[in-house]
Q: 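Attaching a single structure in structure tokens format; questions to follow.
We name chains A, B, ... by the order of the sequence lines, and we start the count at 1 in each one.
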Number of protein chains: 2
Amino acid sequence: MDMENRKEQIIERALVHIKKRGYLSFSYDHLSKELGLTKASIHYHFEKKESLGLAVCDRLETGLDQMMIAIKQMDIDPKEKAIEFLRMRLSYIDLDEICPISAFQADFPYLPEILKQSVQHVTNKELGCVAELLKDIHNNEAKAILLLSALKGALQYRRAVGGEIMETISKQLKELLQ
Amino acid sequence: MDMENRKEQIIERALVHIKKRGYLSFSYDHLSKELGLTKASIHYHFEKKESLGLAVCDRLETGLDQMMIAIKQMDIDPKEKAIEFLRMRLSYIDLDEICPISAFQADFPYLPEILKQSVQHVTNKELGCVAELLKDIHNNEAKAILLLSALKGALQYRRAVGGEIMETISKQLKELLQ
DNA sequence: TGACACTTACTTAGTAGTAGGTTAGTGTAT
DNA sequence: ATACACTAACCTACTACTAAGTAAGTGTCA
């Protein structure tokens, strides 16, 4: 397979693993077996695990940029756009998964320095996105923190208490903005 | 050292590790070196890692019970009691730590079955505690979920964005109940 | 009182399995 | 001929867990 396709394929699988297991707990061994390659082959494309982690963070940032473009073009009430952002973010996360940014945050103290910086960057970018979509609302930066904390906290709760929790949270977050 | 003291000491250190690293990523090796024992000695007190995990869950439940007794006896506005509960929960969590229940939830899919059950139990107990303290408030069970999700999501964010986030969240959660 | 059986709380030295990472070499397309 | 995409075979370090042994005590008999 050609270089760019294979790299993309590896990043994609790594992202799934991170959403399911977190960054520290997924391994090149699991990844390689799923992709039908050897560990050494993944090391060929991403010399260190941290290089792959950085590539995943890059992909997350690109995803946020694309979502913001899509939402800004949408023909809906501007007051609904922040909620639409959360809805779209959720749509990328399966029932047994958590938000990949949360997963990186959970492992944060044990990440290599360069990856910490990348995680901080994408974290602040996401907070900035929501704050921007709330720009006409009072105290929009604090509200962005509340919305994202609650959403991601609830995703973690879902693992132990089941899926209904997401509807409960979504409903309350909508009410909060009215 | 006598049996009960040593057991307590091991549970205490394990709890700190879980708050810092999560359940899957802390090891008997780290734990034993900190306590000045061997790994085998910890296995003597807790045959398997999952036995130690269960003991930690038990301790968390006992802690919740004691907090509820303390809060019910406090001479404050009943409407402030849920916020006081959150404040007390936070006081047990250092700056570089997350909520231990969140830590177990993050590792949930990879926990042994018996430990999953224990984590579910303590999770539901905590939700029940907050709902009980909110009993005079409309939609108290949904509100309990919102309060705890936001608090714990924010603790995770704190690792990447710094400590100020907790004041922002606390302030908004207080406003939410007025 | 003292010998004997037994327990507690540990240690040393290992097991098998998995982690991230490396090195040298192979097949293939241009 | 050369660069690319890969594999086989390794290495060191760390994981949970175990086997075997030991020093210091405890309880119970004659």
Q: Could you tell me whether A:Lys49 sits above the aromatic face of A:Phe26, with NZ or CZ closer than 6.0 angstrom to the six-membered ring centre and within 45 degrees of the axis?
A: yes

Q: By a strict heavy-atom criterion of less than 4.0 Å, which residues belonging to residues 101-116 of chain B are in contact with DNA chain C?
A: none

Q: Does a side-chain heavy-atom distance below 4.5 Å link B:Asp94 with B:Val16?
A: no

Q: If I take atom CZ in residue B:Arg6 and atom P in nucleotide C:dT8, what distance separates them, rounded to the nearest angstrom?
A: 16 Å

Q: Between C:dT22 atom P and A:Ile42 atom CD1, what is the distance in whole Å?
A: 15 Å

Q: Please identify each residue that fulfils side chain to side chain donor-acceptor pair (under 3.5 Å) with A:Asn140, with sequence neighbours left out.
A: none

Q: Checking contacts here: which listed nucleotide (C:dC10, D:dT18, D:dA9) is nearest the side-chain heavy atoms of B:Tyr44?
A: C:dC10

Q: Taking only residues two or more places apart in sequence or in another chain, which ones pass ring-ring contact (aromatic ring centres under 6.0 Å, His included) with A:Tyr157?
A: none

Q: List for me each residue that meets side chain to side chain donor-acceptor pair (under 3.5 Å) alongside B:Glu80, sequence neighbours excluded, and say none if there are none.
A: none

Q: Output the rounded distance in Å from NZ (A:Lys49) to P (C:dT22).
A: 15 Å

Q: List in chain and number order the residues that pass salt bridge (charged side-chain N to carboxylate O under 4.0 Å, His left out) with B:Arg89, two or more places apart in sequence or in another chain; answer none if no residue qualifies.
A: B:Glu126

Q: Taking only residues two or more places apart in sequence or in another chain, which ones pass ring-ring contact (aromatic ring centres under 6.0 Å, His included) with A:Tyr28?
A: A:His43

Q: According to ring-ring contact (aromatic ring centres under 6.0 Å, His included), who are the partners of A:Phe104, at least two apart in sequence or on a separate chain?
A: A:Tyr23

Q: Please set out all donor-acceptor pairs under 3.5 angstrom arising from side-chain atoms of residues 169-178 of chain B, sequence neighbours excluded.
A:
{"unit_1": "B:Ser170", "atom_1": "OG", "unit_2": "B:Met166", "atom_2": "O", "d": "2.8"}
{"unit_1": "B:Gln172", "atom_1": "NE2", "unit_2": "A:Ala142", "atom_2": "O", "d": "2.8"}
{"unit_1": "B:Gln172", "atom_1": "NE2", "unit_2": "B:Thr168", "atom_2": "O", "d": "3.4"}

Q: Give me the distances for all protein-to-nucleotides 27-30 of chain C N/O pairs that come in under 3.5 Å?
A:
none

Q: Going by side chain to side chain donor-acceptor pair (under 3.5 Å), name the residues that satisfy it together with A:Ser27, two or more places apart in sequence or in a different chain.
A: A:His30

Q: For A:Lys72, check salt bridge (charged side-chain N to carboxylate O under 4.0 Å, His left out) against everything at least two apart and list the hits.
A: A:Glu132

Q: Pull out every residue in residues 18-39 of chain A that has a heavy atom closer than 4.0 Å to any atom of DNA chain D, ordered by number, or say none.
A: A:Gly36, A:Leu37, A:Thr38

Q: Report the nucleotide, chosen from D:dT18, C:dG21, C:dC10, that has the shortest atom-to-atom distance to any side-chain atom of B:His45.
A: C:dC10

Q: Rounded to the nearest angstrom, tell me the gap between atom NE2 in A:His43 and atom P in C:dA19.
A: 11 Å

Q: Where the side chain of B:Ala40 is defined as all heavy atoms beyond and including C-beta, which of C:dG20, D:dT7, D:dT18 is the nearest nucleotide?
A: D:dT18

